[in-house]
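Residue numbers start from 1 in every chain, and the chains themselves are labelled A, B, ... in the order their sequence lines are given, proteins ahead of strands.
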Amino acid sequence: MRRVACLAILLLALVGGLILWSRAQRPPSEPPAPTPPRAQNAPESPASQRITIYLARELPRGTQGEFVLSPVEREVAATAAPTMASLEALAAGPTPAEESEGFRATLPEGTRVLGVEREGGVVTANFSRELRDNFNGGADWEEIVLYSIVNTLTELEGVDSVRLTVEGAPIESIGGHLSAEEPLRRNSEIVVRGKRGE
Amino acid sequence: MSKGGAVTTARCPFRYALLVWCLVLHTGSLLAAPKAPEVYIGSKVAPCAPSPILQDGEVYLPVTFRYAGLPVTVFAEGETVVVRGPGQLEGCLPALQHQGTLYYPVNRACAALRLSARWDEKANRLSIAPRVDAIRPEMFDRLMTLRILAGYPLTARLELERNPGQLIIEIAEAHLFNDSTLIPVNQGGITRIRATQVSYQPCLVRITVEAEAMPQYRALSARATTEICLRLGVPENNTPEAYTVLDRLLDAPGSELTGLAVTGIDVGTSEEGNPLVVVRTNGPAQAKVLRLGSPPRVALDIENATIQAQAPAVPPHTPLVQRVRLGQFTEKVARVVVDLVEEAECVLTQGHEPGTLVLTLRSALSRVQVTGLKGLKVMVDPGHGGSLSGTTGLSGRREQDINLDIAKRLYRLLEAAGAKPTMTRYGDDTVGLRARPAMANSQGVHIFISIHCNANGRPNSARGIETYYCHQHSYRLARTLHYRLVKELGAPDRQVRRRPGLVVTRETKMPSVLLEIGYMNHREEDRLLGTPEYRQRAARAIFNGIAEYVGASTTAAPVAAEEAALAVEELEDAVVIEEGEAAATVEEQEGQ
């Protein structure tokens, strides 16, 4: 009986010590990694596939309304075309839980995805006119909107660049600051920038 | 007795537990508090506070870190960190902010500075040292010219080994471009060259020339200090006569060996934003500049020189320079050709380092050096307009109207001060994004100012001034206008930001900025931007900034009374330029 008590206490001491140790072990210099929140109620079945989309995320206080792109994951049906599914997830925006963590939708209100075509490494994404007409933002917000689309699509295997069209026609720009005439390549800097201040 | 015994044994497990607890805690805390990484420059510890941080396998140094003993400067420029080394070495790096300090990736900084950074995870140590960039052996007949190149002065210790024949070159306080390299030679009695990093701490590189017999060498004179240049050979046999022949060969003057060589070419930008082409040679060089038209280019002929360098990559955003080529024009003339984007003026000077030639290029557009506001051609670009709508404020005001109003107020101030302003649009017209910089380029204006108002992803989350630029030569203008706006409007400073993608600042050839004068999705700023006096103050601040930029006093500006009258004009009434007048201005510009 006494021996059992003795062992139990020893075990407790060990476990407690380990917990403390592992807590202290975390290097202080490493900022906490943003936890990619999963889509709610997404079934983990082999009939689904996982895609990554890039949403706007407001940096924590101290940086005042500074946005960056941050990846989140979604489970979609395995049968869905990943390009279309990614853009539709992007148009749907963040879940309420993500929204409370500072995530924001990037596509202007009412923007619909009209279609996606893929030719080699170039994907052409066709949107409704709201992409341009309802865009509200300055230079940096336009960068967020533009590259949320580009980075989401170039996340997919074999996609190098993205061409944007509105109702089937090429556009000069979404918001009048950045060019969207040529197919655009991924912008990693705008994601890295996110680690600033976190 | 039995009672006492029970007490002792009952206490026992607690004691054990306590002991184990303490032990675990102690080792835990020992392992837990990771020592801050140490930073070494060469073999010496360099203090680094705050400590470097590790992220995604990359080491980041704080902007405050000093490269003791190396001619390197580091400073923050807006949201980026700029590193500068000797000559034209410069890097502009994305920074990350951590606990109020800017950090930059040390690997990328070192790559730009011709330094090497080694992160030893086990030793928790970062070693930085000048990088031995290249080892270039070149055989001429039986003799070898060996060049060891770096971006910084190197000191070497040379030693001959008799058995087998070896020349050992030890370079302290440097890193090799990789851990070890083997260059097979098999010519003139020289077998191969081996280079290794003996250790990082102490910092030592060893280069061994392996030969069939004991080599003889001479250190070549009149070379840049950043290069170790040796001439060496191996006697044909082991007789005294063979050594005499070799000595004579090694000392022979006027041979190909003592000939001049172009050893390196770099493209950079001067502080004024003018592109520079720096040609390094191993001796005092004579060069001629030739200007060639269509397509515009400049040729630099270096006499009695051979080429021992690679054509340099032109850094992105370098104005005027399209690319740099080089080749042996004749047997005795090495030619460097600079392909230009447009006609440019050029000046050739001797650099600070011996044997360095510096070709400075200046746009023919900025030939007229304007100081002061008189005659200063300013293109004011009211953002958006027509069917290319900008953002919509919380109050429903359109950004394009606010932009146009501020632009017109600025136009008036400039005109009154004797400057020559023009605008990309004078009304609510649709002007393409690329058409705007094209106008500025074709009219040859001196500066380009794009006026915008801001918005972001969440209403009322941000307010203040953001200023954007693209090319290095626009930074001074951006900074000057930005701080004027921040100060005179009393608005929060949201920094000067370098963004390569903005069309109007990227495509303009002259200094250009894009100003985001407040957030229209911030209730208070949107209200302020809706008032004519705030817009007048904004225009005035930009005007004062331009005056400061060109070194003019602002006394030549309109009198206060006139300005006060302007300040109360409402949005629609603020149309100060008649349509006809506007058209005339454009025609006049085009006619010039």
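Relative orientation of the A:H177 and B:H452 rings is tilted, given thresholds of 30° and 60° on the angle between their planes.
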Step-by-step side-chain contact (heavy atoms from CB on, under 4.5 Å) determination, A:D140 to B:Y468: CA-CA 10 Å; A:D140 264 7; B:Y468 295 88; 3.1 Å; yes
Can A:E66 and B:Q495 be said to form a side-chain contact (heavy atoms from CB on, under 4.5 Å), step by step? CA-CA 12 Å; A:E66 200 69 59; B:Q495 297 183 312; 5.7 Å; no
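Looking at A:E181, only its side chain comes within 4.5 Å of chain B, counting heavy atoms on both sides. For A:A139, the parts sitting under 4.5 Å from any heavy atom of chain B are the backbone and the side chain alike.
Taking CZ from A:F135 and OG1 from B:T391, the interatomic distance works out to 7.0 Å, rounded to the nearest 0.5 Å. In this structure, the separation between CG on B:L388 and CD1 on A:I171 is 10.5 Å, given to the nearest 0.5 Å. Rounding to the nearest 0.5 angstrom, the gap separating the CZ atom in B:R458 from the CD atom in A:E58 is 4.0 Å.
Formation of a donor-acceptor pair under 3.5 Å by the B:S461 side chain with backbone atoms of A:G65 is not found in this model.
Scanning both residues, A:Q64 and B:R494, for their nearest heavy atoms gives O-NH1, 2.7 Å. Across all their heavy atoms, B:L433 and A:L178 have their closest contact at CD2-O, 3.7 Å. Between B:N456 and A:F67, the shortest heavy-atom contact is ND2-CE1, 3.5 Å. Nearest heavy-atom pair, A:S179 versus B:R434, reported as atom, atom and distance to 0.1 Å: OG-NH2, 3.4 Å.
Between chain A and the residues B:H522, B:R506, B:R497, the largest count of heavy-atom pairs under 4.5 Å involves B:R497. Per-residue heavy-atom pair counts under 4.5 Å with chain A were compared for B:G501, B:A462, B:G457, B:S389, and the maximum is reached by B:G457.
In this structure, A:R118 places its CZ atom where more than 12 heavy-atom neighbours from other residues, nucleotides or ligands lie under 6.0 Å away.
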